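Beneath this line is the structure, given in structure tokens, with notes to follow.
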2 protein chains.
Amino acid sequence: MNYRQKLILEKLAARDYMTIEALAQEFGVSKMTIHRDLAALQQAGFVLKQYGKVTAMPKRNSSWADQCQMCGQKIKEQNAFTLVSAEGNLYRLCCPHCGLMAYRQHGDSWQTLATDFLHGHVITAFQAHYLIDLELTICCSPTVLAFDSRAEALKFQKGFGGRVVDFYQAVEFINQNPIRSQIHGGSQ
Amino acid sequence: MNYRQKLILEKLAARDYMTIEALAQEFGVSKMTIHRDLAALQQAGFVLKQYGKVTAMPKRNSSWADQCQMCGQKIKEQNAFTLVSAEGNLYRLCCPHCGLMAYRQHGDSWQTLATDFLHGHVITAFQAHYLIDLELTICCSPTVLAFDSRAEALKFQKGFGGRVVDFYQAVEFINQNPIRSQIHGGSQ
DNA sequence: CTTAGATGTTATATTTTGTTATTTTTATCA
DNA sequence: TGATAAAAATAACAAAATATAACATCTAAG
């Protein structure tokens, strides 16, 4: 990353977004050069290029939301779900149920993280095991629980029933089960 | 380090960056000589050469984050990962899992440090040995543990399974996001 | 005088940037 | 919708800026 690219990031930190045109003007350089800078920055995961403008990727260590952006409930770390959409928006959800719904809405996500329900550690959502259709309601209904270990998920299932599925099967499950609270209508 | 090189460092401490051209002028010396000075300073880790410009390396005594900048968890020193990117930004991560993910994002980094999981001392990440695919979850999943000694990593592996790999293999492991129905399947 | 180390000069390689032509995306209107 | 125009992105190439290598020159110490 060169010095101009660093400056671009600093400018972006202050504003909401910037146009390619404006950046080219400010640095007295061609738009092509800015395009190249932004391509590099996007490659490195710092910004998001968007037809004429750039937005900064969210800083994930600041302003950690404590309300679910899907259903509004207070988020408990033990069950939390985090999603960074391809558009660069950060979503914090209260549980895999809301997390998977958000994933469905924002589809092509840049990063998706779930929390192991038993140990409370963070897991890559794609690799997690999900327990659905179980005889227990935690947080939202229909309840979905995330587990790191399939063995533990199966043990949990012994007591509470349901099915242990992978990420995409869980998304499919959410798709088929109409739910009550939905914030945005936009889906593709 | 000669006297002129010491002066270059002093000048850089004051400003954000300097051009090779300007330095050559200020010292009344050819650009080639400045190039040689900067090559030496960069070799010693004091500056960063950047096609026409030099910037000083960051001072690492400032604002030591205690939250992982990848997943947000509180950082335990025993497992911490530190990354100084080429442009001088400091990243603190909770474990090698997040550390390697950050490395993937920030690519060519100036300095990358892991912590030996058993003894807690800092090691150069490139020289460390990593245990992946193991039957134990620490901090994040998929768990990656860093060891200074390969022998100790192998002993650890005896009990908890997994594979001992080098830095680049570990990065490769993190790069892959396989959708696996079973994580702790004892793969060798 | 000889030699080692530092510096300068020149030629060549590499990187970065700008320009143009072409393709892709978005907006507009019937 | 679907056709069309406008805006923006991309690719390919040429030009400019910078870096590097090889060698020449200078200086100081022995």
Side-chain angles (χ1 to χ4, degrees), chain A residues 1-12 15-57 84-89 105-110 184-188, chain B residues 1-12 15-57 84-89 105-111:
Chain A
M1 182 184 305
N2 64 34
Y3 189 71
R4 185 181 51 241
Q5 288 168 12
K6 184 179 178 177
L7 290 183
I8 289 175
L9 285 187
E10 285 174 14
K11 283 183 180 301
L12 268 178
R15 287 161 240 200
D16 208 17
Y17 72 92
M18 292 201 72
T19 66
I20 311 279
E21 180 76 49
L23 282 169
Q25 294 242 333
E26 287 214 31
F27 290 106
V29 94
S30 80
K31 281 188 280 189
M32 190 65 231
T33 297
I34 298 295
H35 273 295
R36 282 191 269 242
D37 283 344
L38 296 180
L41 289 173
Q42 175 160 283
Q43 184 71 25
F46 287 113
V47 305
L48 193 71
K49 243 158 138 303
Q50 276 179 315
Y51 203 72
K53 65 182 179 181
V54 238
T55 55
M57 278 294 185
V84 182
S85 73
E87 295 84 44
N89 297 318
Q105 270 187 30
H106 305 294
D108 178 23
S109 59
W110 183 66
H184 311 296
S187 60
Q188 45 213 26
Chain B
M1 191 191 307
N2 64 31
Y3 186 67
R4 186 181 52 241
Q5 287 168 11
K6 194 170 283 183
L7 289 183
I8 289 175
L9 285 187
E10 284 174 17
K11 284 184 179 300
L12 267 179
R15 289 162 237 200
D16 209 15
Y17 72 92
M18 292 203 71
T19 66
I20 312 278
E21 180 78 49
L23 282 168
Q25 294 242 334
E26 288 214 31
F27 291 106
V29 94
S30 81
K31 281 188 279 189
M32 190 66 233
T33 297
I34 297 295
H35 273 295
R36 284 191 266 243
D37 283 343
L38 296 181
L41 289 173
Q42 175 160 282
Q43 186 71 23
F46 290 112
V47 305
L48 191 72
K49 243 159 137 307
Q50 277 181 314
Y51 205 74
K53 299 186 181 72
V54 235
T55 55
M57 273 300 169
V84 182
S85 69
E87 64 279 0
N89 295 317
Q105 260 186 40
H106 305 298
D108 64 339
S109 55
W110 164 248
Q111 203 164 46

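Below, chains carry the letters A, B, ... as their sequence lines are ordered, and counting in each starts from 1. Remember, it's a predicted structure, so these values are computed and weren't measured experimentally.
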Expressed as a whole number of angstroms, how long is the span from [X]:[atom1] to [N]:[atom2]?
X	N	atom1	atom2	value
Arg4(A)	dT16(C)	CZ	P	10 Å
Ile20(B)	dA16(D)	CD1	C1'	17 Å
Tyr3(B)	dG5(C)	OH	P	24 Å
His35(B)	dT9(C)	NE2	P	14 Å
Leu38(B)	dA6(C)	CG	P	16 Å
Met32(A)	dT17(C)	CE	C1'	10 Å
Asn2(A)	dT18(D)	CG	P	13 Å
Ile34(B)	dT7(C)	CD1	P	9 Å

Under 4.0 Å between a side-chain N/O of [X] and OP1 or OP2 of [N], yes or no?
X	N	value
Thr33(A)	dT17(C)	no
Lys53(B)	dA17(D)	no
Arg36(A)	dG18(C)	no

Heavy-atom distance under 4.5 Å between the side chains of [X] and [Y], does that happen here?
X	Y	value
Leu48(A)	Gln42(A)	yes
Thr55(B)	Leu12(B)	no
Phe27(A)	Ile34(A)	yes

TODO: Select one nucleotide: of dA19(D), dT19(C), dG8(C), the one nearest the side-chain heavy atoms of Lys49(B).
DONE: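 Minimum distance to the Lys49(B) side chain belongs to dA19(D).
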Open item on the list: Determine whether Arg4(B) and Val29(B) satisfy the following criterion, side chain to side chain contact (heavy atoms under 4.5 Å, CB included), listing intermediate values before the conclusion.
Closed with: CA-CA 10 Å; Arg4(B) 186 181 52 241; Val29(B) 94; 4.2 Å; yes
- [ ] Give one of base, sugar-phosphate or nothing for Lys31(B), where a contact means two heavy atoms less than 4.0 Å apart.
- [x]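 The answer is nothing, as Lys31(B) stays clear of every strand by at least 4.0 Å.
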TODO: State, without any angle test, whether Gln5(A) and Asp37(A) hold a side-chain donor-acceptor pair at a distance under 3.5 Å.
DONE: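 There is such a pair between these side chains.
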- [ ] Spell out yes or no: do the side chain of Tyr51(B) and the base of dT16(C) have one donor N/O and one acceptor N/O closer than 3.5 Å?
- [x]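 There is none.
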